[in-house]
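In the text below, chain A, chain B and the rest are named by the order of the sequence lines, each starting its count at 1. Note that the structure is predicted; figures quoted are calculated from it, not measured.
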Number of protein chains: 2
Amino acid sequence: MATLMDVARAAGVSKATASRALQRPELVAEATRLRVLDAAQRLGFHPNAAARALTTGRTGLVGLVVPTLSNPFFAPLVMGAQQTAEKTDHHLLIAVSEYDPTREAELADRLAEQADGLIMVTPVGTDTALRERARRFPLVLVDRQVGRLPAVVADTATGLAQLMDHLLDQGHRDIAYVSGPAGSWADGQRSAILTERAEQAKARLRVLGPLPPTFDAGIEAARALPRDATAVLAYNSYLTLGLLHGLAAANRRVPEDVSLAAADDLSSLRSTTPPVTALDVPVEEVGALAVTRLIDLLAGRHVTVTSRLPSRPVLRASTAPPAASAHR
Amino acid sequence: MATLMDVARAAGVSKATASRALQRPELVAEATRLRVLDAAQRLGFHPNAAARALTTGRTGLVGLVVPTLSNPFFAPLVMGAQQTAEKTDHHLLIAVSEYDPTREAELADRLAEQADGLIMVTPVGTDTALRERARRFPLVLVDRQVGRLPAVVADTATGLAQLMDHLLDQGHRDIAYVSGPAGSWADGQRSAILTERAEQAKARLRVLGPLPPTFDAGIEAARALPRDATAVLAYNSYLTLGLLHGLAAANRRVPEDVSLAAADDLSSLRSTTPPVTALDVPVEEVGALAVTRLIDLLAGRHVTVTSRLPSRPVLRASTAPPAASAHR
DNA sequence: TTGTACGCGTTATCAT
DNA sequence: ATGATAACGCGTACAA
């Protein structure tokens, strides 16, 4: 590998000038700049990342800790993050925690040693652990709010409330919420806002769960679903898919007997029978914004605390007014 | 951040001894070893990754270039890779090429500067570019074979041939293959082996495509499917899902009118109506093995050239003997 | 505008 | 068994 010294020699200048010609062209005479550039080109010079990191204190790496990749929710998140990272000459250092707090903690700390900062999407893991971590290095939280720590959240709660309102408008008065993993922050937010809405509208809300966010759990949930509930909201698409199958198996038609909607929107929901009403969550933007926020943080800019990205309902055929009551 | 120098001072030894106590304990007296370890502990010492990389020439990072993450095929691949990387104290540097050869080339080269080696899953991209890259740094290919370059492939071709044999056994004599992206290496392998099998069995094989591996393309393919084909094999699950819907829309029942099978197996295929016969591909193992291979390469061990992981058919309700002919 | 010289934190070599 | 010291490759005060 050609080093800066090699380039300098080939161009007949000192290391310092060579470095400047490449990093701060404006500080160097046009003629020498060209000589250096040419030499660098010829020798195929690439600055050694480790050496640069050592002097600058910057690695150009952004750590990203996600609970899993099997859940299609995270694919667009990572892609959004990667695209934005790329634009600012950064790379993505990725780690999968598999929802294990211990593992997550260890991975996060080890990633942080190699990266300039961390983005964590951590539905599990304690507030205090996150606070402490944020003190040690630049940290941006995703879909989670802890005090005033920098965070980017997809505002599913508000979107879900709109979905709830839609159901209420259609005349539903007995609604079930199939909740997600125990202790999930996002799930807590959703339950809370749904309960509030139900009370306001004097409707009944029954919460099933907590449940693992899986297809199979959805099938179970369909079995446990009260017969008199006329609509079901589910924590995510997997549970929803499971519910769809479970309800079919139990001969409860969607939407004639019961309406169904999901609090996120994987592409498959639009191609089920019937297509399922869902929440369009700007996942890719969340990933992108998280990187932007982190880079701002690194640059010393510390503007917003929590960035909130709106989600909105996508109405499909799985929701309809309940059979007994007309549209009010 | 506490440096090695700080630890050395606190323990009353030299930098060299401190370093040895931590990296090569056997070279140091028990008593001093304990003093150093204790000091390191107290000061919360973590070796600076950049400095270490500078002297050792190793970053502890493994680069991974994938075409996309939207395709659920890659999630388990990355997770398998990450788990194995973790076991050997490595981290994953990830980049998404989005099937763009230019972008891929640039990302790969930039990743390589920060990583000890690269794993590339690159259905596009030319052989020569890959050869040249492999000369410059340790490289492991996934699902692609280029000369004698180190590679890990899921042997879908053989599995697909078994699937084909199954169809032939069932009596199908007019089979369609809905092929994947133009220029895809894996797709080429599959077409070739299917053609060969068809000739042997004196059956007719019609290849549709090349097609983008998407749900929508599958719907189109259903429309273009010859009426007299009694069975369809598709490049991947997306196309298969699309076919399933397209066939239903065209009132062609599966499997009564036409059998359907996929050359990979995303979880959703088992919960469609009917469940679809597919190929179980050990994707996670592929990712894991790719990392193992790369690390072996870094250690100077260069054993196998191409590692081949078997895939096998999972028979479900979507395949049955053709209506007109009995099982032979 | 350019060059000299030092520091970043670690590992490795060579003495002692 | 331990210590002094030289790399590793780069950026950047400071001097000229």
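Taking every side-chain heavy atom of A:Ser19 into account, D:dG11 is the closest of C:dT10, D:dG11, C:dT13. In the set C:dT10, D:dG3, D:dC10, the nucleotide with an atom closest to the side chain of B:Phe45 is C:dT10.
For C:dG9, the OP1/OP2 oxygens have no side-chain nitrogen or oxygen of B:Arg52 closer than 4.0 Å. Listed pair A:Thr17 / C:dT1 fails the phosphate criterion, with no side-chain N or O lying under 4.0 Å from OP1 or OP2. For D:dG11, neither phosphate oxygen OP1 nor OP2 lies less than 4.0 angstrom from any side-chain nitrogen or oxygen of A:Thr56.
Comparing B:Leu54 and B:Ala18 by the nucleotide of DNA chain D that holds the closest heavy atom to each, the one mapping nearer the 5' end is B:Ala18. Residues A:Ala29 and A:Ala51 both approach DNA chain C. Their nearest nucleotides, taken by heavy-atom distance, put A:Ala29 toward the 5′ side. Ranked by how close their nearest DNA chain D nucleotide is to the 5' end, B:Thr55 and B:Ala16 are led by B:Ala16. Mapping B:Asn48 and B:Arg20 onto DNA chain C by nearest heavy atom places B:Asn48 at the nucleotide closer to the 5' end.
Under a 4.0 Å N-O distance rule, the pair B:Asp6/B:Arg9 qualifies as a salt bridge. Using a 4.0 Å cut-off between a side-chain N of Lys or Arg and a carboxylate O of Asp or Glu, A:Glu113 and A:Arg110 do not qualify as a salt bridge.
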>> If you apply the rule side-chain hydrogen bond (donor to acceptor under 3.5 Å, both in side chains), what do you find for A:Thr59 with A:Asp116, and how did you get there?
In response: CA-CA 6 Å; A:Thr59 60; A:Asp116 295 335; 3.0 Å; yes
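In this structure, A:Met1 places its CE atom 22 Å from P of D:dA7, rounding to the nearest Å. When the P atom of D:dC10 is taken as reference, atom CG of A:Leu43 falls 12 Å away, rounded to whole Å. Nucleotide D:dC8 holds its P atom 20 Å from the NE2 atom of A:His46, rounded to whole Å. Per the geometry, CD belonging to B:Glu113 stands 14 Å off C1' belonging to D:dG9, to the nearest Å. Note: CG (A:Asp6) to P (D:dG9) measures 9 Å, nearest angstrom. When rounded to the nearest whole Å, the span between CG of A:Leu4 and P of C:dC6 equals 18 Å. In this entry the distance linking CZ of A:Arg35 with P of C:dT1 reads 14 Å, nearest Å. Atom CG of B:Leu27 is separated from atom C1' of C:dT13 by 13 Å (rounded to the nearest Å).
Put simply, the side chain of B:Arg293 never gets that close to the backbone of B:Leu141: no donor and acceptor are under 3.5 Å apart.
Taking only distance into account, the side chain of A:Arg58 never meets the base of D:dG11 through a donor-acceptor pair shorter than 3.5 Å. Residue A:Arg24 places no side-chain atom within donor-acceptor reach of the base of D:dG11, judged by atom type and a 3.5 Å distance cut-off alone. Evaluation of atom-type donor-acceptor distances gives a pair under 3.5 Å for the side chain of B:Lys15 against the base of C:dT10.
Residues B:Glu98 and A:Gln83 have side chains that bring a donor and an acceptor to within less than 3.5 angstrom of each other.
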